[in-house]
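Excluded from the calculations below are hydrogen atoms, water molecules and symmetry mates; all remaining heavy atoms, backbone and side chain alike, are included. Here the structure is a predicted model, which is why all the values come from computation and not from measurement. Convention: sequence-line order gives letters A, B, ...; per-chain numbering from 1.
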Amino acid sequence: MAIFKGRSFILFPNNEVSSINIFENLIKNNGGKIIEYEHDITNASPDINYGYSHIIGLVNDSYLTLNNNKYEIYENNLLLNEMDLNKRKLWEFVKKNNITLVNISSVSFWLKVKKILINQDNIITITKDPGLHLEEISTSDSCNQSTSECETDIGDIINELVKCNSGSSKNLNSNLNNADNVGEVSSSGTLHGLKNEVIPQYNNEIEEDNKSISASSLARNTNGNELLIKTLDKLSKIHTIRGDEFRSRGYKLAKISVSKYPHKIKSAKEAQEKIPHIGASIAKKIETLLKTGKLPGLEIASKLESRKEYFSSCYGIGPVTAENWDSLQINSLNEALKRFPKIFQHDWSILFGWKYYEDWNKKIPRSECVKHMQIIKEELKLLDDSIECEIQGSFRRNRALCGDIDILFYKKECDDISDLYVVLEMLAIKLYKKKYIKCFLQLSKNINLVFDNEIQTTLQKAGISNNEFRSISLTNRPKLFLGAKLSTTIPEFDTSLYTINPEIDVKLHSEDKYMSSSVQANSVSHALEEYPCRRIDFFICKWSEIGASKLHYTGSGEFNREVRKIAISKGMKLTQHGLYQNDILLESFNEKRIFDLLDIPFIEPPDRQELKF
DNA sequence: TAGACACCGCATTATA
DNA sequence: TATAATGCGT
DNA sequence: GTCTA
């Protein structure tokens with residue numbers, strides 16, 4: 001079919017991205033023309049009667065903003081820097097002649113409905129970016145005009161952006177950068193969780209520790225690529241929030257590779273040739289980074305994502321829901337609640353994600369993990385002292401700070417999961433009655449019995465009616481997710497470990513505070529008077545699968561993915577249940593043997609951080 | 001240049 | 001009503 | 001986003 005016959009298209013901001021290539025081909029294959037240069041327009045001279053109406057401008061969706069359900073494109077550096085000289089001229093042409101602009105994804109829609117549909121819903125208006133100051137752009141003087149205009153208007157915003165960049169203000173990005181850079185405790189003898197009761201103290205020397213580790217392990221380079229590493233990290237985070245998992249991963253892998261590269265990068269060409277996971281696109285970004293010292297549009301891009309980031313920092317909210325709310329101009333959880341009470345009524349666990357939003361975005365000092373473990377172990381002993389438990393996750397990897405606490409339960413020679421689950425459920429209910437466990441995130445019949453009241457009061461607090469049909473799982477699951485809080489009566493409560501850190505802390509918007517658990521502890525920022533609530537995951541594993549299970553729950557996620565990729569390349573499959581070949585179990589009990597069978601050296605948990613092979 | 005990029009569990013929603 | 005797909009979490 | 005077959 002040739003639905004684009006007689007039509008010409010200009011792609012903005014450029015044609016170089018591979019995803020744009022797809023659209024280019026779609027257009028050509030369906031009879032359309034692509035305008036690349038100015039002379040393409042004059043060659044295909046306009047119809048006397050219709051002017052340039054056969055020309056349509058297509059804009060890469062990621063440069064668009066949705067304002068009152070209308071698409072807008074900000075004419076800023078982010079956009080203009082992506083255009084080469086030819087494109088800039090075409091851009092001027094589009095503006096001068098009021099050429100229609102639509103988002104490029106319309107192309108696939110048109111093909112689906114078999115006609116070109118242009119209406120107020122997909123037409124794009126060009127606006128000056130309210131949050132950005134335009135630098136002079138060397139090649140075009142028409143852009144310079146807008147520069148001066150903008151600079152005078154938005155001086156305040158510029159100042160704020162500058163502040164954000166220097167990292168001194170509490171912007172959302174600061175927590176992004178901190179994500180996995182927590183210190184590593186260097187006590188090589190105490191690798192395996194609680195078996196050794198030697199507990200490294202979390203103190204001010206963590207920074208020191210971190211440094212010494214870096215120097216010795218050769219993993220990080222500290223000679224000049226920090227800006228690039230930071231930039232790649234930000235790009236990765238931005239695409240995670242956008243829900244583009246694979247592009248995010250591309251940047252993440254590039255970041256890790258650059259971290260390992262032992263020299264200062266002198267040119268984009270050098271980077272692309274010598275460093276894995278750096279291709280044409282990142283090389284181009286390196287070039288501008290080397291030339292100008294910054295990547296235009298990055299701050300703006302992360303600003304555009306800030307609402308989504310706010311939402312997806314809440315337990316139960318992922319990229320899709322965040323995108324939905326963001327595109328509807330929803331600014332707070334409260335607004336979302338007002339518009340979609342049913343979502344909160346049904347997915348009631350989001351309410352607890354909201355309630356503990358600030359707490360669950362805090363890191364847990366190692367020493368506190370140990371205290372949690374003591375409480376749980378004590379209670380478990382009373383119920384069934386043949387069941388053992390161990391902390392996995394970042395704790396087993398010896399991090400000084402952990403995001404959550406993953407506890408693995410197992411029983412010698414026991415492969416019956418439901419047997420263990422029954423005890424685990426009892427344990428959880430006892431701990432709930434003792435007010436240690438504060439909330440559950442899924443229900444079983446018995447947990448619902450004790451916890452339903454709390455759900456109802458929380459629904460009430462949110463101002464929505466009760467949903468009498470809460471789904472209750474009947475099967476005995478291998479996992480239990482919950483939130484728990486230490487009581488301050490526990491000895492050695494050290495407030496110095498829990499001082500509020502505005503640099504890192506993720507804060508609820510003021511209009512969302514009323515649902516927060518910490519709302520009564522007034523808003524003045526001083527040292528905490530009690531422990532924050534923590535995310536704790538209980539996992540059960542079969543005795544025969546203990547090796548694979550520990551490997552899985554120890555992580556890191558990045559490490560798991562890499563090892564599993566190696567398994568795939570050798571025609572095997574690695575999961576939490578074991579290492580398989582053609583669905584035949586090779587090994588699941590012995591952690592070390594899994595490494596052997598994969599023909600890779602055993603790696604101690606503290607070293608299971610990033611790319612290793 | 002298309003397809004892979006780790007894998008599985010649970011709850012919910014879409015589809016046949 | 002059974003099965004597939006989606007969303008979120010690990 | 002990059003890598004690979």
Determine the interplanar angle of the Trp348(A) and Phe352(A) rings, folded into 0 to 90°, and report it as parallel if under 30°, tilted if 30 to 60°, perpendicular if over 60°.
perpendicular
So that I can tick it off, tell me whether Glu591(A) and Lys550(A) are bridged by a salt bridge, with the cut-off set at under 4.0 angstrom between side-chain N and carboxylate O.
no
Write down the distance separating the P atoms in dA6(B) and dC3(D), rounded off to the nearest Å.
15 Å
Looking at dC8(B), dT10(C), dG1(D), which one has an atom nearest to any side-chain atom of Asp404(A)?
dT10(C)
Please report the distance, rounded to the nearest Å, between CZ in Arg561(A) and P in dT2(D).
17 Å
Output the single nucleotide from dC8(C), dC10(B), dC5(B) whose closest atom is nearest the side chain of Phe246(A).
dC5(B)
Could you tell me whether Ile568(A) contacts a base, only the sugar-phosphate backbone, or nothing, with contacts defined as non-hydrogen atoms closer than 4.0 Å?
sugar-phosphate
Nearest-Å distance, CG (Asp244(A)) to P (dT2(D))?
12 Å
Whole angstrom value for the distance that separates C1' of dT2(D) from CD of Gln272(A)
10 Å
Starting at atom OH of Tyr553(A), determine the distance to atom C1' of dC7(B), rounded to an integer number of angstrom.
11 Å
Side-chain N or O of Arg564(A) less than 4.0 angstrom from OP1 or OP2 on dA6(B)?
no
Just N and O in the side chain of Thr321(A): are any of them under 4.0 Å from OP1 or OP2 of dC8(C)?
yes
Taking the side chain of Asp347(A) as its heavy atoms from C-beta onward, which of dT12(B), dG9(B), dG1(D) lies nearest to it?
dT12(B)
N-O pairing of Lys592(A) and Asp596(A) below 4.0 Å
no
Nearest-neighbour nucleotide for the Lys573(A) side chain, dC10(B), dT2(D), dC7(B) considered
dC7(B)
Geometric class of the Tyr310(A)/Tyr357(A) ring pair [parallel <30°, tilted 30-60°, perpendicular >60°]
tilted
Given dC3(D), dT10(C), dC8(B), identify the nucleotide with an atom nearest to the side chain of Thr575(A).
dC8(B)
Grab the NZ-P distance between Lys284(A) and dG1(D) for me, whole Å please.
9 Å
Integer-rounded Å distance: dG9(C) P and Asn560(A) CG:
18 Å
Note: for Lys479(A) and His346(A) on DNA chain B, the residue whose nearest nucleotide lies more 5' is Lys479(A)
Gln576(A) has its side chain closest, among dC5(B), dT2(D), dC8(B), to dC8(B)
Salt bridge present between Glu323(A) and Lys308(A) (N-O < 4.0 angstrom):
yes
I need the NZ-C1' distance between Lys28(A) and dT1(B), as an integer number of Å.
15 Å
Under 4.0 Å, counting only non-hydrogen atoms across every strand here, what does Ala280(A) touch: a base, just sugar-phosphate, or nothing?
sugar-phosphate
Between Glu309(A) and Lys234(A), is the closest basic N to carboxylate O distance under 4.0 Å?
no
Has Lys252(A) got a side-chain N or O lying under 4.0 Å from the OP1 or OP2 atom of dT2(D)?
no
Contact class for His239(A) vs. all strands (heavy atom < 4.0 Å): base, sugar-phosphate, or nothing?
nothing
Look at all strands and tell whether Ile317(A) reaches a base, only sugar-phosphate, or nothing, counting heavy atoms closer than 4.0 Å.
sugar-phosphate
Spacing between Leu232(A) atom CG and dG1(D) atom C1', to the nearest angstrom
10 Å
Rounded distance in Å between the C1' positions of dG7(C) and dC7(B):
16 Å
For the C1' atoms, the ones on dT1(B) and on dG9(C), what distance do you get once it is rounded to whole angstrom?
34 Å
Aromatic ring pairing Tyr553(A)/Phe539(A), orientation class (parallel under 30°, perpendicular over 60°, tilted between)
parallel
Quick one: is His277(A) getting a side-chain N or O under 4.0 Å of the dT4(D) phosphate, OP1 or OP2?
no
Closest nucleotide among dC8(B), dG1(D), dA6(B) to the Lys285(A) side chain:
dG1(D)
Closest to the side chain of Ile282(A), out of dC5(B), dT2(D), dC8(C), is dT2(D)
Side-chain N or O of Arg535(A) closer than 4.0 Å to phosphate OP1/OP2 of dG9(C)
no
Side chain of Gln442(A) - closest among dA11(B), dG7(C), dT2(D)
dA11(B)
